[in-house]
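What follows is a single structure, written as structure tokens, with notes after it.
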Number of protein chains: 2
Amino acid sequence: MAITIVDVAKKAGVSPSTVSRVLSNHPRISPATAAKVREVLKELGYHPNIMAKSLVSKTTNTIGLILPRPAEELFLNLFFSEVIRGIVTQSARTGYDLMMTTGTTEREELEAVTRLVKGRRVDGVILLYSRQSDPLISFMLEHGFPFVLIGRSDDFPDILSVDNDNVQAAYDATRHLIAQGHKRIGFVSGPPNLIVSGDRMKGYLQALKDAGIEARPEWIVEGDFLQESGYRAMSFFMCLPERPTGLVAIDDVVAFGVLRGLTELGYKVPDDLSLVGFNNISLSELSTPPISSMDIGIYQIGYTASQTLIRAVKGEAMPQKRVIIPHRLIVRESSLIQAKD
Amino acid sequence: MAITIVDVAKKAGVSPSTVSRVLSNHPRISPATAAKVREVLKELGYHPNIMAKSLVSKTTNTIGLILPRPAEELFLNLFFSEVIRGIVTQSARTGYDLMMTTGTTEREELEAVTRLVKGRRVDGVILLYSRQSDPLISFMLEHGFPFVLIGRSDDFPDILSVDNDNVQAAYDATRHLIAQGHKRIGFVSGPPNLIVSGDRMKGYLQALKDAGIEARPEWIVEGDFLQESGYRAMSFFMCLPERPTGLVAIDDVVAFGVLRGLTELGYKVPDDLSLVGFNNISLSELSTPPISSMDIGIYQIGYTASQTLIRAVKGEAMPQKRVIIPHRLIVRESSLIQAKD
DNA sequence: CTGAAAGCGCTTACAG
DNA sequence: CTGAAAGCGCTTACAG
């Protein structure tokens, strides 16, 4: 059986309360007693039972990370590894543990979150991504539970969140293609129910509009964040009577799918089609040709989200509700040629 | 304040014990009472406080994952995303939550584990990777705490573990190069303190020996699991008066570093140097040329580790202490040409 | 400065 | 079938 506070108290000849006080560095405790207790603590190899501690203190020193539903697919995209890397690094530094859950179905997902939140298993929660009118957000709000959203919510603009300016980022990516002389620019979007898809689409359209360039519905394709998505988009585009000469892809993995498809069909990038992706994952630098990509600071997003959440949990003042991580276009070969018109 | 068992009991006009019994589907409870209680449970939106539950039941429904020290670097390698993907999927399916910790220093690392284990925060632990005489393993053993090692331990061959046959895998990878006609074969290893590095080195050497091919110390380089490692190894090899014509790299990312360096210097793969990596991450298929890689079933390793641990935690009989996930060489262009000798 | 007591929210023998 | 009671390991007013 593990050593408890009572064991220590007995051996040290004091009361459990005193041991507890020594443990929490209570100010009014005599140095002599403290020393004695500490000695026994060490001697017996005492370690607090966190469950008991949490039960009374109502605090867990743990943050929860809710993974968007299909964890299966999730990690196929580097985005998540990278966010988690940021989160885990920062939370570890602050002495917090990280708890992860998912559910396979929407119901399971909500159940998992309920378990964490109502079961008082974590002090706060990081929500990864947001869907249109995400039920999780309402849930958190209802329960007054601390959380930070990675992304943006239309319905609740005023919650704690860490995000990019995705409209602007997509605008900038599109601008870049326009600056290269492209007049027919396509967009491979993500799942339409994700806010980020909408935001980037908006930026893309705005850039076209501002440049007085035509936006054609058939140059916009929706998919997910997987390679096949890019592959399919590519075959679609290339069969068009008038096909785009430039393409903005919502994710590098998708861009990669496009690139791969093109290469297989004997097309050249950037000559036949110029390409700009998002996320600047290692893949984009390493592919042939290297893919231009909008770096959105994923690691920093994770790091900041964790930091923000932990501050909120501790009740520290939040300078701002919404933190925007800057983006920056990394131009590479895949978009570096003037369109031939 | 959250709803407790007492609130429910009052409203239902029964004792807390009864509510608890209904909750745990105790057999000897009258259908009428059960129905009544369940109704109130729903009405009040009751959810158990997991801390309290854990405190008495001494069980947490959570498994812990200990990340090898530098989480910072960790996720740069796809291996980890992929293992975690396997772990998280399986644990979620079984209704277990996943807790992750790291420490920056060895002391912090041990502290984190102590917190999990002695604080009774998790029911069992997955250890990722093992170093020579890993202090964590002794720690677990000492405390009789359930754990499964991903990897192998020299000192404790008899612990629960999930692993590949890394000796055989490296043997097979090397054999493949030999079969392609190579006589000068190099090896880029990982950190020498990792068991896996040693195992693969051994397989590599054995394959050479069995084929009667010379093994030269200068054809073996040690590094870590990052790209630079491959890059450095490459420059070293290519400056050798007699350089290898084939190379086994301990990890695809490393192989990628080699490939990249070669390409920059104007060398051709596989013509100037044939390449075989390990892990079969997506990168290897997508690079130019695609890299031959030993698929070690990373996802399955994670999945199996979680499964094994949870079984152990539940006290189910373990058919075998050590589970070996099969490997399989995926041959691609990077190694598909006969050496010119 | 320190102890006795109550309590966090749950479970589980022990009676009946 | 059901309740009263003790207890899991800790913290924290309340006294002194």
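All values below come from the heavy atoms of this structure, side chains included, with hydrogens, waters and symmetry mates left out. As the structure is a computational prediction, the values presented were derived from the model and not from experiment. A note on names: the letters A, B, ... follow the listed sequences, proteins ahead of strands, and every chain is numbered from 1.
The side chain of A:Lys58 approaches C:dG9 more closely than any other nucleotide in the set D:dG9, C:dC10, C:dG9. Distance from the side chain of A:Thr4 is smallest for D:dG9 among the nucleotides D:dG9, D:dT2, C:dC1. For A:Arg28, whose side chain is taken as the heavy atoms from C-beta onward, the closest listed nucleotide among C:dC1, D:dC10, C:dC10 is C:dC1. Each of D:dG7, C:dA4, D:dG9 was ranked by its minimum atom distance to the side chain of A:Leu55; first place goes to D:dG9. In the set C:dC10, D:dT12, D:dC10, C:dC10 carries the atom at the smallest distance from any side-chain atom of B:Ala52.
Side-chain contact of A:Arg21 with A:Thr33: a donor-acceptor pair under 3.5 Å is absent, judged by distance alone. Between the side chains of B:Ser20 and B:Ser17, no donor N or O sits under 3.5 Å from an acceptor N or O.
Counting heavy atoms from C-beta outward, B:Gln307 and B:Val162 have side chains that stay 4.5 Å or more apart. Side-chain contact between A:Asp155 and A:Ile137 is absent, with no heavy-atom pair separated by less than 4.5 Å. Within the 4.5 Å cutoff, the side chain of A:Leu23 has no heavy atoms near those of the A:Pro48 side chain.
In this structure, CD on A:Glu39 lies 9.5 Å from NZ on A:Lys11, to the nearest 0.5 angstrom.
Residues A:Ser15 and B:Asn49 each lie close to DNA chain C; by heavy-atom proximity, the contact nearer the 5' end of the strand is made by A:Ser15.
Base-pair partner of D:dG16: C:dC1 (Watson-Crick or G-U wobble, both distances under 3.5 Å).
Shown for residues 29-43 of chain A: residues whose heavy atoms fall under 4.0 angstrom of DNA chain C, namely A:Ile29, A:Ser30, A:Thr33.
Atoms NZ (B:Lys118) and P (D:dC10) sit 12 Å apart, rounded to a whole Å. The nearest whole Å value for the distance from the CD1 atom in A:Ile5 to the P atom in D:dC8 is 14 Å. When rounded to the nearest whole Å, the span between NZ of A:Lys10 and P of C:dG3 equals 15 Å.
A salt bridge links B:Glu111 with B:Arg107: the distance from a Lys NZ or Arg NE/NH1/NH2 to an Asp or Glu carboxylate oxygen falls below 4.0 Å.
Distances shown here put a side-chain N or O of A:Ser20 below 4.0 Å from the OP1 or OP2 atom of D:dT11. Distances shorter than 4.0 Å separate none of the side-chain N or O atoms of B:Ser57 from OP1 or OP2 on C:dT11. Contact between the side-chain N/O atoms of B:Thr18 and the OP1/OP2 oxygens of D:dG3 is found at a separation under 4.0 Å.
Judged by distance alone with a 3.5 Å cut-off, a donor-acceptor contact links the side chain of B:Arg21 to the base of D:dG3.
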